[in-house]
Amino acid sequence: MLNPFKKWLGNLEKKDAPISPSIDLANVPTHVAIIMDGNGRWAKQRGLPRVAGHHSGMKNVKKITIAANDIGVKVLTMYAFSTENWKRPKEEVEFLMKLPQEFFPMEIAELVEKNVRIRMTGWKESLPDHTLSAIEDAIERTKHNTGLILNFALNYGGRKEILAGIQDMVQDVQAGTFHMEDLDEETFSSYMLTEDLPDPDLLIRTSGELRLSNFLLWQLAYSELWFTDAYWPEFTEDIFYQAIAEYQRRARRYGGI
Ligand code: V07
């Protein structure tokens, strides 16, 4: 690019919200996954209860969804609750399970206006009825939207997903509807909960932890990983765009040369 500001200026002409001059809008990751960590620590640092951190974290979800939508990200997967999180204190779990029903009345109008489609990856069975109906309502009300897919990973665990996929596959083999000769990475992917989504191009984890914590184990095989010390409630559009710019600077070679 001869004039690095050309895209930036082009941007300003098309949109009123300035994005970032360092982002190449022609090379934006299709699928970004985020581990929204550090809500409890953010709260503790301020002398607040952990749940205040979760609440603040919830309010950050829409902001980053809109920032992602503005640059053309197609899928945004947010890790909201893992299969391990049930082990937390009962009061905290109960509070977390109320967040979906609180999120939608507050955010749905703007998300619908931006053409965002809501989805969920995880096991619905063990969620409380009030949580599940809030989620299903949002999925239903946005199912015809064609913009960014906001995919909540909720009651999700990567190893459990892989084992469940193997179980389903073995059942299909026994029923004669799947043949072992056809097993390869692509057919196995169709047994994952994310069957119809592309693999994430970029994983972001907040709060300084450098682990995958059982998130999208199969799907993250070739993803770029990006970490920040910022706690999720203080993660801004600017930090998000820094991650995108860094993603664009890295050569992605898929283990080849
Ligand atoms: C949760 C807020 C974000 C920080 C991480 C943990 C706490 C949004 C939702 C949500 C989930 C499904 C849905 C609509 C909204 C949510 C949980 C926790 C359990 F359809 N934030 N958020 N769900 N946190």
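When a ligand or atom number is given, it counts from 1 through the structure's own listing order.
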(request) Could you tell me whether the side chains of Ser82 and Asn214 share a donor-acceptor contact shorter than 3.5 Å? (result) no
(message) Leu96 and side chain to side chain contact (heavy atoms under 4.5 Å, CB included): which single residue from Met58, His55, Glu91, His54 fits?
(response) His54
(message) For a quick check: using heavy atoms under 4.0 Å, what are the residues in contact with ligand 1, sorted by chain and number?
(response) Met36, Asn39, His54, Gly57, Met58, Ala80, Phe81, Leu96, Leu99, Pro100, Phe103, Phe104, Ile135, Phe152, Leu154, Trp232
(message) Among residues at least two apart in sequence or on other chains, which ones pass salt bridge (charged side-chain N to carboxylate O under 4.0 Å, His left out) with Asp229?
(response) none
(request) Not counting sequence neighbours, which residues clear ring-ring contact (aromatic ring centres under 6.0 Å, His included) with Trp123? List them please. (result) none
(request) Would you tell me whether Asp199 and Trp218 have side-chain atoms, one donor and one acceptor, within less than 3.5 Å of each other? (result) no
(message) Going by the rule salt bridge (charged side-chain N to carboxylate O under 4.0 Å, His left out), which residues pair with Glu140 if we only count those two or more places apart in sequence or in a different chain?
(response) Lys143
